[in-house]
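See structure below.
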Amino acid sequence: GCQQGAQRLHIHLTDIPDTGAHVSYEHEHKAEEAVYILEGRAEYTFGGVTQLAGPGDLVFFPSGVTHAKVTYLSPSLKYLVIRDVREEDAPCCCESGGG
């Protein structure tokens with residue numbers, strides 16, 4: 001399961017097998033968030049900068065910053081999403097929200 005006793009930390013795996021059919025959406029939240037790329041490549045544009053990321057790279061999204069316009073550079077993409085849990089945010093994927 002997603003919750004393994006963690007109260008303030010949420011991590012999940014995102015696997016996009018066909019980036020050509022995947023629509024990214026820009027959003028923001030109070031939580032700090034990072035994505036750690038496992039497979040594939042993408043460009044993330046947010047806060048006036050564009051960051052290229054591939055396997056082993058981490059992209060950090062600060063609290064309250066709208067993120068991210070994503071340009072997929074590979075046919076598939078797999079990454080970990082790591083974020084803290086904030087009561088004022090909507091739950092991220094399978095977390096219960098609020099800790």
Side-chain angles (χ1 to χ4, degrees):
C2 284
Q3 286 279 53
Q4 295 178 340
Q7 298 297 306
R8 306 299 302 166
L9 183 64
H10 173 79
I11 302 173
H12 72 261
L13 175 68
T14 296
D15 188 358
I16 304 171
D18 180 5
T19 56
H22 189 266
V23 178
S24 67
Y25 66 99
E26 295 184 64
H27 62 285
E28 69 177 71
H29 38 70
K30 294 291 184 185
E32 293 181 320
E33 182 174 18
V35 295
Y36 180 82
I37 308 298
L38 299 170
E39 298 174 9
R41 295 173 66 79
E43 281 184 346
Y44 295 87
T45 301
F46 61 98
V49 299
T50 297
Q51 188 170 340
L52 174 64
D57 291 332
L58 183 106
V59 181
F60 174 70
F61 307 119
S63 174
V65 172
T66 300
H67 60 277
K69 179 183 174 194
V70 182
T71 302
Y72 298 110
L73 303 175
S74 58
S76 63
L77 190 66
K78 186 181 290 188
Y79 56 91
L80 292 175
V81 173
I82 305 136
R83 61 182 266 184
D84 66 331
V85 176
R86 306 281 184 106
E87 291 181 10
E88 59 268 40
D89 287 338
C92 174
C93 113
C94 54
E95 77 189 46
S96 63

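- Of the inter-residue distances, the one linking Phe60 atom CZ with Gln51 atom CD reads 11.0 Å to the nearest 0.5 angstrom.
- To the nearest 0.5 Å, atom CG of residue Asp84 and atom CD of residue Gln7 are 13.5 Å apart.
- Looking at heavy atoms from C-beta onward, Glu26 lies out of side-chain contact with Phe46 at the 4.5 angstrom threshold.
- Here the side chain of Ser76 pairs no donor or acceptor atom with the backbone of Asp18 at under 3.5 angstrom.
- Formation of a donor-acceptor pair under 3.5 Å by the Arg41 side chain with backbone atoms of Ala53 is not found in this model.
- Nearest heavy atom pair, residue Lys30 against residue Asp89, reads N-OD1, 2.9 Å.
- Hydrophobic clustering, with ILVMFWY side chains joined whenever heavy atoms are under 4.5 angstrom apart, keeps Ile11 apart from Val35.
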key: Step-by-step side-chain contact (heavy atoms from CB on, under 4.5 Å) determination, Leu73 to Glu43   = CA-CA 7 Å; Leu73 303 175; Glu43 281 184 346; 3.8 Å; yes
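- The minimum heavy-atom distance linking Glu28 with Gly64 is given by the pair OE2-O, 3.5 Å.
- In this view, Thr45 and Thr50 satisfy the side chain to side chain donor-acceptor pair (under 3.5 Å) rule, not counting sequence neighbours.
- When every heavy atom of Asp15 is checked against every heavy atom of Pro17, the shortest pair comes out as O-CD, 3.3 Å.
- When all heavy atoms of Ala42 and Val70 are compared, the pair lying nearest together is CB-CG1, 4.1 Å.
- Under a hydrophobic clustering in which Ile, Leu, Val, Met, Phe, Trp and Tyr are joined whenever their side-chain heavy atoms come within less than 4.5 Å, directly or via other members, Val81 and Leu38 fall into different clusters.
- Heavy atoms only, all atoms of each residue included: Ser24 and Ala68 are closest at OG-O, 4.3 Å.
- Taking NE2 from His10 and CD from Glu33, the interatomic distance works out to 8.5 Å, rounded to the nearest 0.5 Å.
- Connection of Leu9 to Tyr36 is established within a shared hydrophobic cluster, with ILVMFWY side chains joined at heavy-atom distances below 4.5 Å, either directly or through further cluster members.
- Two residues are said to be in side-chain contact when any heavy atoms from C-beta on lie closer than 4.5 Å; Ile37 and Tyr44 meet this criterion.
- Listed by chain and residue number, Tyr72 satisfy the ring pair (Phe, Tyr, Trp, His ring centres under 6.0 Å) test with His22 (two or more places apart in sequence, or in another chain).
- Under the 4.5 Å side-chain contact rule for hydrophobic residues, Leu58 and Leu80 share a cluster.
- His27 is listed as a side-chain neighbour of His67, based on a closest heavy-atom distance under 4.5 Å.
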